[in-house]
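The structure under discussion appears below in the form of structure tokens.
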Amino acid sequence: MKLRPIATNFTLKDHVYERLREAITEMDIYAPDADLRLDERSLAEQLGISRTPLRDAIARLESDGLVTVVPRKGVYVQRKSLDEILETIVAWAALESMAAFLAAQRASDAEIGSLRKIAAKYTDSYSETEISEYSDDNIRFHQRILEISKCSLLKTMADGLFLHMQAVRIRAMGEGNRMQKSVVDHAGIIEALESRDPELSSVRVREHTMRLHEHVRRTWAMLEFEQRENAKAAKSAQS
């Protein structure tokens, strides 16, 4: 994890929290070889602060369910189990499909056009660089649907799922031909929104997200196995 130093002022605790949360969000936490341990000394040095405000921020992140503090072991970014990931995807599908329904009714032509601008960069042939860049734009696309729904509570609720949804999408994007399928799905979603069809917009967003659900359900069984093995190793190390 890499962090930029921040200026010390009276809102230091909030700054540290936001900077750590931002950095965690950018991690590929579901990669099989992901390093989930956060070293307090290294973090404090990168931020240019003492450990006191850092620990306050870590406590807040723990209450958010983003990290776990293991006594005498350290701080670890929290990964969800496979069942929890699948439930998170279902919840996101529900929220975003409702957002799409509202966006078809409420968003301006320019706001819907902003989705087409995000999608317009990608064609039928993809390099590794494009896949990496597309992962970021894919997240922007889905967040934008929530924004143009003009329902702030939907956006707030979805933000609570954002860290894990982003991490799942980052990992899944490089598996199989998911980028190509995603590009096609996004085009269909935009067409439904541009036609001002709330029902079709909602259905296409929900089906798109549930295809991710099916992909994860079929291919990520190994993740559950890895987490069980890691838990066993951690327990053995403590005994």
Side-chain angles (χ1 to χ4, degrees), residues 21-22 25-26 30 80 84-126 130-220:
R21 193 180 192 283
E22 176 186 85
T25 299
E26 293 173 356
Y30 289 107
K80 292 182 179 292
E84 289 170 333
I85 290 170
L86 293 173
E87 287 188 356
T88 297
I89 296 172
V90 169
W92 184 280
L95 293 171
E96 192 183 356
S97 62
M98 189 65 230
F101 185 97
L102 295 174
Q105 298 175 322
R106 300 177 177 180
S108 68
D109 291 344
E111 288 169 333
I112 294 174
S114 68
L115 293 171
R116 190 167 287 285
K117 288 180 181 178
I118 295 172
K121 295 191 286 182
Y122 303 96
T123 60
D124 294 330
S125 59
Y126 316 112
E130 283 181 312
I131 291 174
S132 175
E133 183 179 355
Y134 184 75
S135 292
D136 295 336
D137 283 333
N138 182 45
I139 296 299
R140 286 179 56 221
F141 183 90
H142 292 287
Q143 285 187 303
R144 186 62 178 150
I145 290 174
L146 287 153
E147 289 168 357
I148 66 177
S149 74
K150 301 181 181 178
C151 178
S152 59
L153 183 56
L154 274 179
K155 178 68 166 57
T156 299
M157 294 169 70
D159 284 346
L161 306 174
F162 176 72
L163 169 66
H164 293 280
M165 280 301 299
Q166 181 184 34
V168 168
R169 283 192 167 118
I170 287 173
R171 175 176 168 179
M173 194 55 63
E175 297 173 337
N177 62 343
R178 283 203 51 78
M179 178 175 172
Q180 183 176 359
K181 292 177 180 177
S182 178
V183 169
V184 172
D185 282 357
H186 285 188
I189 291 167
I190 293 168
E191 288 172 3
L193 288 168
E194 288 177 335
S195 69
R196 299 293 178 175
D197 188 328
E199 293 288 351
L200 183 59
S201 300
S202 179
V203 167
R204 287 187 174 174
V205 166
R206 184 170 63 253
E207 289 180 345
H208 171 64
T209 304
M210 292 309 292
R211 276 191 275 275
L212 172 64
H213 181 279
E214 178 60 17
H215 169 80
V216 171
R217 187 192 66 78
R218 285 187 295 103
T219 62
W220 284 29

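In this structure, the side chains of Met179 and Asn138 stay at 4.5 Å or more apart for every pair of heavy atoms. Here the side chains of Arg116 and Glu191 are in contact, with some heavy-atom distance below 4.5 Å. Side-chain contact between His215 and Arg178 is present, with at least one heavy-atom pair separated by less than 4.5 Å.
When the side chain to side chain contact (heavy atoms under 4.5 Å, CB included) test is applied to Val184, no partner is found at least two apart in sequence or on another chain. Residues passing the side chain to side chain contact (heavy atoms under 4.5 Å, CB included) test with Asp159, sequence neighbours excluded: Lys155. The side chain to side chain contact (heavy atoms under 4.5 Å, CB included) search around Val216 returns Leu82, Ile85, Leu86, Ile89, Val168, Leu212, Trp220, not counting sequence neighbours. Glu214 meets the side chain to side chain contact (heavy atoms under 4.5 Å, CB included) test with Arg217, Arg218; sequence neighbours excluded. Residues meeting the salt bridge (Lys or Arg N to Asp or Glu O under 4.0 Å) test with Arg144, sequence neighbours left out: Glu147.
Between atom CG of residue Leu193 and atom CD of residue Glu111 there is a gap of 11.5 Å, rounded to the nearest 0.5 Å. In this structure, His213 NE2 and Glu207 CD are separated by 14.5 Å, a value rounded to the nearest 0.5 Å. One finds the NE2 atom of His186 at 7.0 Å from the CD1 atom of Ile145 (value rounded to the nearest 0.5 Å). Rounding to the nearest 0.5 Å places CD1 of Ile118 at 8.0 Å from CD1 of Ile190. Note that the CD1 atom of Ile189 and the OG atom of Ser202 stand 10.5 Å from one another [nearest 0.5 Å]. Atom CG of Leu200 sits about 4.0 Å away from atom CZ of Arg204, to the nearest 0.5 Å.
Between Ala107 and Arg196, the shortest heavy-atom contact is O-NH1, 2.5 Å. Of all heavy-atom pairs spanning Lys80 and Tyr30, the tightest one is N-OH, 3.0 Å. In terms of heavy atoms, Leu115 sits closest to Phe141 at CD2-O, 3.5 Å.
For Met157, the CE atom counts as loosely surrounded, since its 6.0 Å shell holds 12 or fewer non-hydrogen atoms of other residues, nucleotides or ligands.
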Report the C-alpha distance between Val90 and Met210 in whole Å, list the side-chain angles of each, state the deciding distance to 0.1 Å, and finish with yes or no for side-chain contact (heavy atoms from CB on, under 4.5 Å). CA-CA 7 Å; Val90 169; Met210 292 309 292; 4.1 Å; yes

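Under the salt bridge (charged side-chain N to carboxylate O under 4.0 Å, His left out) test applied with Asp137, the options Arg169, Lys121, Lys117 reduce to a single match, Lys121.
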Show every donor-acceptor pair shorter than 3.5 Å between a side-chain atom in residues 92-105 and any protein atom, with sequence neighbours excluded, or say none if there are none.
from	atom 1	to	atom 2	distance (Å)
Trp92	NE1	Glu96	OE1	2.7
Glu96	OE1	His142	ND1	3.1
Glu96	OE2	His142	ND1	2.6
Ser97	OG	Ala93	O	2.8
Ser97	OG	Ala94	O	3.0

